[in-house]
Amino acid sequence: MAKRDPKKAARNKLAKQLSDQINNLLPAVLKETGIETQSSLHGKYGGKFADYIDIKNAVIASPDHFISLYLEGFRREVIASKPDSANRRNYELLRRSKTLKEYLRLFLRRTYFRYYDALSKKRPKVEEATIWIGQQNASWGLLVTPRFNKVT
């Protein structure tokens with residue numbers, strides 16, 4: 001039987017503790033913000049970190065670094081968005097609600113611990129990640145890392 005990595009086990013334990021804190025805070029957040037479900041809340045804030053952070057190139061060293069990159073990216077998106085956009089509404093909701101701020105902080109810390117291996121490693125540059133094979137004018141290739149296209 002393979003030995004468990006003690007560092008990974010410790011991260012999983014921290015993620016579990018953060019999940020418990022998040023679940024305890026959830027009813028207050030939903031009541032204060034008027035958001036109906038946890039899924040809606042996570043849709044507004046949780047799944048956006050790939051939009052706000054340059055995941056392909058960033059090597060994120062700590063949960064605090066992850067949170068600061070997320071908030072910087074969120075702020076940039078808000079500044080660039082229209083006044084009546086969902087980003088602006090979500091920002092205003094976050095700015096007004098202390099409970100939501102705490103919830104988001106815990107949520108992002110947990111996300112960092114869950115995806116630690118992927119977020120904390122150095123990745124090859126995009127141009128180094130593709131190995132081209134065949135003739136010069138052939139368009140065959142082997143993709144080594146995923147490519148993210150911003151959908152508009």
To the nearest 0.5 angstrom, please state how far the CG atom of Leu108 sits from the CD1 atom of Ile53. 7.5 Å
Under the criterion ring-ring contact (aromatic ring centres under 6.0 Å, His included), which of Phe74, Phe66, Tyr70 is the partner of Phe49? Phe66
Do Glu77 and Asp51 make a side-chain contact, defined as non-hydrogen atoms from C-beta onward lying under 4.5 Å apart? no
Approximate separation, where rounding is to 0.5 Å, of Asn12 CG and Arg114 CZ: 9.5 Å
Can you tell me how far apart OG1 (Thr99) and CD (Glu32) are? Round to the nearest 0.5 Å. 3.5 Å
Considering non-hydrogen atoms only, spot the tightest contact between Lys8 and Asp117 and give its length. NZ-OD2, 4.1 Å
To the nearest 0.5 Å, what is the distance between CG (Asn57) and NZ (Lys122)? 8.5 Å
Closest approach of Leu25 to Glu102 (non-hydrogen atoms, all atoms of both residues): CD2-CG, 3.7 Å
Within the 4.5 Å heavy-atom criterion, are Gln17 and Leu14 side-chain neighbours or not? yes
Could you report the tightest heavy-atom contact between His65 and Ile60, atom names first, then the distance? ND1-CA, 3.5 Å
Identify the heavy atoms of Phe113 and Ala15 that sit nearest to each other, and give their distance. CB-CB, 4.4 Å
Do the charged groups of Glu92 and Arg89 touch, with an N to O distance under 4.0 Å? no
Side-chain ion pair, Lys16 and Asp20, N-O less than 4.0 Å: yes
Just how far is it from atom CG of Leu106 to atom CG of Leu18, taken to the nearest 0.5 Å? 6.0 Å
Is the count of non-hydrogen atoms from other residues, nucleotides or ligands lying under 6.0 Å from Lys101 atom NZ greater than 12? yes
Does OH belonging to Tyr52 count more than 12 external heavy atoms closer than 6.0 Å? yes
Are Phe107 and His42 near enough that their ring centres are under 6.0 Å apart? yes
Shortest non-hydrogen contact from Ser81 toward Asn87: OG-CB, 3.9 Å
Thr33 vs Leu94 side-chain heavy atoms within contact, under 4.5 Å: no
Taking every heavy atom of Lys82 against every heavy atom of Ser85, the minimum-distance pair comes out as O-OG, 2.9 Å
To the nearest 0.5 Å, what is the distance between CZ on Arg88 and CD1 on Ile79? 8.0 Å
Whether over 12 other heavy atoms sit under 6.0 Å from Tyr45 OH: yes
